[in-house]
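A quick note: this is a predicted structure, and the numbers were derived from the prediction, not measured.
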Amino acid sequence: MISIKLNGELTQVSDGLLLEGLLAQLQIDSKGIALALNGLVVPRSQWTSRQLTDQDVVDIFQSIAGG
């Protein structure tokens, strides 16, 4: 297990977990979602290959339509 900060909260996740796996584990639909890892937005195309490491900071943002 490794420790990450997820939306400001310390969380334990499996070692080697991918960003895509994190969303699945949290049961979050990836539509309308943006992910930032250590302050940088991660392109959706990298979610299936970007592995989390100890002390990573992950922020999940949901887009909100407005006018």
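Here the shortest heavy-atom pairing between Leu35 and Trp47 reads CD1-CE2, 3.4 Å.
The CG atom of Leu37 lies 9.0 Å from the CG atom of Asp59; values are rounded to the nearest 0.5 Å. Taken to the nearest 0.5 Å, the CG atom of Asn38 stands 10.0 Å off from the CD atom of Gln55. Between the CD1 atom of Ile60 and the CG atom of Leu6 there is a distance of 5.0 Å, given to the nearest 0.5 Å. A distance of 11.0 Å separates CE in Met1 from CG in Asp54, rounded to the nearest 0.5 Å.
The same ILVMFWY cluster, assembled from side-chain heavy atoms under 4.5 Å apart, contains both Val58 and Ile33.
Grouped by direct or indirect side-chain proximity (heavy atoms under 4.5 Å, Ile/Leu/Val/Met/Phe/Trp/Tyr only), Phe61 sits alone.
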Using atom types as modelled, flag every donor-acceptor pair under 3.5 Å from a side chain in residues 12-31 to any protein atom, sequence neighbours excluded.
from: Gln12; atom 1: NE2; to: Ser3; atom 2: OG; distance (Å): 2.5
from: Asp29; atom 1: OD1; to: Lys31; atom 2: N; distance (Å): 3.3

